[in-house]
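If you read the sequence from its start, that first residue is 1, and numbering goes on from there.
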Amino acid sequence: MAELALHDYARTLMSDIQSLAENEAASIPTTFTRRVLDQLEEAGVVTNTTVAYHQEHGLVVYGFGVSEDRSTLDLYTTEYDLAQGQPGADKLTKGDSSKAFRRLLAFLRKCGSIRHNHSEASEVHQLCEGVEKALANAVKIRLFLFTNQVSTAGALPEATEFNGLPVSHELWDLTRLYRHETSGSISEPIVVEFEPPLSCLSAESTEPNHSVILTVLPGERLAQLYDEHRTRLLELNVRAFLQTRTAVNRGIRDTLLNRPARFLAYNNGITATASEADFVADPDGHPVAIRKLTGLQIVNGGQTTATLHHVMKRDKQDLTQVRVQMKLSLVAPDHLEEIVPLISRYSNTQNKVTLVDFSSNHRFHVDFERVSRSLWAPAVDGSAQKETRWFYERARGQYAEEEAKTPSVAARRKFREEHPTKQRFNKSDLAKYVNSWNQLPHHVSRGAQKNFNEFMIIMKGAPPVVNVAYCQRVIAMGLLFKVIDAVAKEHEAGSHKALVTTYTMARLSAATAQRIDLDRIWRQQGVTPALLSAVNDLCPLVMEKVITQGKHVTEWAKSSTCWEDVSGLDWEVPDSLEAELLERPVEFAVDASETEGENLAEVRGIGSAEWESLGEWALQTRNLAPSERQLAKVIATKLRTEGEISPAQASQALLVHEKAIGIGFSPAVV
């Protein structure tokens, strides 16, 4: 790693944290903690995170998190060196890290007594309550230390125990954060070694950028990998799918409990990718066993993997008889972003769920970046100030990468003047702004990753036309969100400020029927006095509904019931704001071309034989209307004769196909 590059990263990081802390009127260590957790949540390292600070003699904590299956409790602490200059000048030693981790365990031991010393509505009480609830179900504890210092070799303590639960330690120092943010991938590659090596069968590929290997994994090993890496092991498509299906698969579980030796015969196995592999080769040089995989990702089989882990941990089932087949695609590192999402998407088409390509190369994000890069934000004070740009980070680290391209200190200063850090936003921010405007604050409150998944699913159903007007209006939503966030801070929303902000924006959007003039906000790069006054009036009313006595605020805000309560609060738009609202709601054009193309591809993928079979089945059973039976026959004929299928026919045919499957149709039954 180049020392100069690490130094530049440290300087940029500290400048960003300083700017964010000033904008949010928050402490620098807390702002740093939140920034790191946002990145780790995107990478799947942590989930369900809450930032909440508490310190007293012998203990310090900055927040906690809980795994999706509630089996793992995470605790976070931060060591931020405000005077940190040259990276490596003041290193974090093993003594420093051990002390920080001990303070986390001290908090865990005293959590109950601390809770009783604070009121129910306080941040500390709710922190303790959340940790105690998570600890009651946990089978594992992870302690995280975040720091802007470089750690010395061996700074990570050995694993330990707490009340019989295994405790592991995660240290994210400056070097690791730098590597994570500049790696070009969403997370650190997972490296897995197999001892003994896994026997495999290698298939020759006609393409130079990938090859396919077949092997069989011990079920216990796969469950252990999931226990160690959690959703980091799952490619983003699968991660999102698993989050929508958190219940353990009963069929898989029954087989594991009652017929473990038959699991290989009954289960379809998993599909995975890796960027590198170390093989045992035969005398002719052909791979015969796998020693090591780098960049392992499961792209199909997340439910199988999660259920194996559940049965091993929760049911205490011995998995030594279980074997799982794996189709492994080795993909060249420079083609990972291109090929892996496609493998994930096509290998998951057997599932009757909508899967979304969450990679940075998704068409929406590419288009938004392209259009937004051409926009100059109007100077706030006319010609007296320079115009600036809003910088959309389609992929992590783009801002730092673009700044690093500038050849001199003066050029970098100019870059930052034209692209202020307060005008930088990423995919999670965009999803937060749009879903708040679209009155989905309960989704926003569930965390950056889950909200982003929901945003992409909704957007896929009605993809917007990404043009200049769309980008300007989304940025205007961001401006409004930031104004509301500042107001929530003034009203002392505390650690619940993010929740109050999204609910206030959603309630404002609902009350005004989305008639707020976003174009005016863009032109002025701010809100009108009437709009600011209305937010000040509304915010404390929303706070009373969100920060409710007797409810755990973080969990309460995630529920649709909370939104129902906020929606029903008695508040009317002030006359001063009503006078400047638009006559009609702000409208966004929908791009139907991508959906139409996907519908047609799915119709063709089903095949003429199955459409013919569906028509015959409908005729014999009388389960479909005559027009639906006829449509199936028409589609079958057009596919055989290569006739043209209209978008409307494709859309309607898929609805008929789904309806038929739901009431008993099977392609094998005629």
Side-chain angles (χ1 to χ4, degrees), residues 236-247 249-252 268 271 299-304 341-358 362-364 440 443 453-464 590-670:
L236 285 182
N237 271 349
V238 184
R239 188 182 305 161
F241 171 56
L242 195 61
Q243 285 176 353
T244 65
R245 304 253 322 256
T246 53
N249 187 296
R250 291 181 181 178
I252 297 175
N268 289 332
T271 301
V299 300
N300 189 327
Q303 199 74 29
T304 292
L342 295 176
I343 295 175
S344 176
R345 178 171 181 175
Y346 292 125
S347 66
N348 278 288
T349 54
Q350 61 186 297
N351 298 313
K352 297 300 179 182
V353 295
T354 301
L355 293 169
V356 185
D357 174 13
F358 295 99
H362 189 280
R363 175 184 169 186
F364 171 84
L440 298 169
H443 288 320
N453 293 347
E454 289 294 334
F455 167 76
M456 291 297 292
I457 291 171
I458 294 168
M459 187 212 61
K460 186 176 177 65
V590 175
D591 181 4
S593 60
E594 184 175 357
T595 303
E596 291 172 355
E598 291 181 353
N599 286 346
L600 184 56
E602 188 172 350
V603 167
R604 288 174 174 162
I606 292 172
S608 60
E610 185 166 334
W611 287 111
E612 186 73 38
S613 176
L614 192 158
E616 290 295 327
W617 170 85
L619 181 63
Q620 294 177 15
T621 62
R622 297 292 192 271
N623 280 334
L624 296 178
S627 60
E628 293 172 327
R629 297 198 302 268
Q630 184 178 17
L631 179 59
K633 293 288 188 180
V634 168
I635 294 295
T637 301
K638 289 195 173 188
L639 288 176
R640 281 199 309 272
T641 61
E642 298 185 357
E644 183 177 350
I645 300 173
S646 71
Q649 285 178 319
S651 176
Q652 186 61 35
L654 290 176
L655 292 176
V656 171
H657 186 270
E658 184 177 358
K659 178 180 177 180
I661 293 290
I663 57 178
F665 168 68
S666 170
V669 179
V670 180

Legend entry - Derivation of the side-chain contact (heavy atoms from CB on, under 4.5 Å) call for V656 and L614: CA-CA 9 Å; V656 171; L614 192 158; 4.3 Å; yes
Legend entry - Check against side-chain contact (heavy atoms from CB on, under 4.5 Å), I635 and L639: CA-CA 6 Å; I635 294 295; L639 288 176; 4.0 Å; yes
Legend entry - Step-by-step side-chain contact (heavy atoms from CB on, under 4.5 Å) determination, F665 to K659: CA-CA 9 Å; F665 168 68; K659 178 180 177 180; over 6 Å; no
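Two residues are said to be in side-chain contact when any heavy atoms from C-beta on lie closer than 4.5 Å; L624 and W617 meet this criterion. Between W611 and V603, the closest side-chain pair of non-hydrogen atoms falls below 4.5 Å. Using a 4.5 Å heavy-atom cutoff, the side chains of V590 and P463 are in contact.
Distance check, rounded to the nearest 0.5 Å: CG of L631 to NE2 of H657 gives 12.0 Å. Here the CD1 atom belonging to I645 is positioned 13.5 Å from the CD atom belonging to Q652, to the nearest 0.5 angstrom. Rounding to the nearest 0.5 Å gives a distance of 12.5 Å between CD of Q649 and CG of N599. Between E602 atom CD and I606 atom CD1 the span is 5.5 Å, to the nearest 0.5 Å. Between the CG atom in L600 and the OG atom in S646 there is a gap of 9.5 Å [rounded to 0.5 Å]. A distance of 8.5 Å separates CG in N300 from CG in N268, rounded to the nearest 0.5 Å.
Pairing each heavy atom of K638 with each of E644, the nearest pair is NZ-O, 2.9 Å.
T637 contributes a side-chain N or O that, together with a main-chain N or O of K633, makes up a donor-acceptor pair within less than 3.5 Å.
The local environment of CZ in R604 is sparse, with at most 12 non-hydrogen atoms from other residues, nucleotides or ligands closer than 6.0 Å.
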